[in-house]
Structure formats: structure tokens, C-alpha cells
Amino acid sequence: MPPGTVLFQQGHPTVPQFRLSEGCIALSQTLADGRRQIVDIVGPGALVGIVLGDKNRMTAETLSYCHIERQQGDD
């Protein structure tokens with residue numbers, strides 16, 4: 001995936017879990033006043049898309065070229 005690709009967005013329905021095998025992803029939240037807060041920057045080996053509930057609490061956007069793999073057991 002190229003840089004700037006949004007994997008999922010805050011407030012949208014959840015997506016399957018992915019493992020980042022190559023690259024870098026920023027996890028961010030939009031605050032009540034409209035500003036964006038970077039919560040974490042994750043690299044290879046990280047699991048992305050882990051949520052409790054039916055809505056994403058963060059937005060995930062690639063910062064570099066990334067390779068992600070869907071985790072086994074997700075339907």
C-alpha cells in the first residue's frame with residue numbers, strides 16, 4: 001500500500017485485524033474541537049484494527065509503503 005492510504009476511520013464500522021509486516025502506520029483520533037491527535041505510530045509486527053465494540057476508535061493511515069496481512073481466524 002502506498003503512503004497516505006487510510007486503512008480504517010474513526011467512528012466507522014470495525015474492520016478485520018491486520019498484522020503490519022512492512023512499513024509504518026499512524027493511529028490518530030479526531031478531537032472534539034476538530035484537531036487530529038496522533039495516538040501511536042506502529043511498525044512491523046504490530047497488530048492493527050483491534051477494537052472493543054462495533055466502531056473504530058481511531059483512524060489508521062500508512063506513512064510509508066506498507067505490506068499488511070489479514071490475521072487468520074477473522075471472518
Side-chain angles (χ1 to χ4, degrees):
M1 295 187 169
T5 301
V6 175
L7 300 174
F8 53 85
Q9 289 186 314
Q10 179 179 339
H12 288 219
T14 59
V15 297
Q17 289 182 12
F18 294 97
R19 180 173 301 278
L20 179 63
S21 59
E22 206 175 302
C24 191
I25 295 174
L27 301 173
S28 64
Q29 290 182 320
T30 302
L31 303 176
D33 62 5
R35 293 178 297 149
R36 184 173 87 156
Q37 178 179 15
I38 303 296
V39 176
D40 201 359
I41 295 177
V42 297
L47 287 175
V48 179
I50 301 171
V51 295
L52 298 172
D54 59 350
K55 304 262 184 196
N56 293 314
R57 294 179 55 198
M58 292 181 246
T59 296
E61 182 178 350
T62 60
L63 298 176
S64 63
Y65 283 97
C66 292
H67 183 264
I68 60 171
E69 301 166 355
R70 186 174 174 179
Q71 286 301 107
Q72 295 291 11
D74 292 334
D75 293 323

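- How far CE of Met1 is from OG1 of Thr62: 7.5 Å, rounded to the nearest 0.5 Å.
- Clustering ILVMFWY residues whenever any of their side-chain heavy atoms sit less than 4.5 angstrom apart, transitively, puts Leu63 in a cluster other than the one holding Phe8.
- Note on Leu20: it clusters hydrophobically with Val15, by side-chain heavy-atom contacts below 4.5 Å among ILVMFWY residues.
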Just distance, no hydrogens or angles: give the donor-acceptor pairs under 3.5 Å from side chains in residues 38-57, sequence neighbours left out.
{"from": "Asn56", "atom 1": "ND2", "to": "Gln9", "atom 2": "O", "distance (Å)": "3.3"}
{"from": "Asn56", "atom 1": "ND2", "to": "His12", "atom 2": "O", "distance (Å)": "3.4"}
{"from": "Asn56", "atom 1": "ND2", "to": "Pro13", "atom 2": "O", "distance (Å)": "3.2"}

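- A pairwise comparison of heavy atoms in Pro16 and Arg70 identifies CB-NE, 3.8 Å as the closest pair.
- Taking CZ of Arg19 as the start and CD of Glu69 as the end, the distance is 8.0 Å to the nearest 0.5 Å.
- Of all heavy-atom pairs spanning Ala60 and Leu27, the tightest one is CB-CD2, 3.6 Å.
- The two residues Ser64 and Gly23 make their nearest non-hydrogen contact at OG-CA, 3.4 Å.
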query = Would Cys66 and Thr5 count as a side-chain contact (heavy atoms from CB on, under 4.5 Å) if you check the C-alpha gap in whole Å, the side-chain angles of each, and the deciding distance to 0.1 Å?
reply = CA-CA 9 Å; Cys66 292; Thr5 301; over 6 Å; no
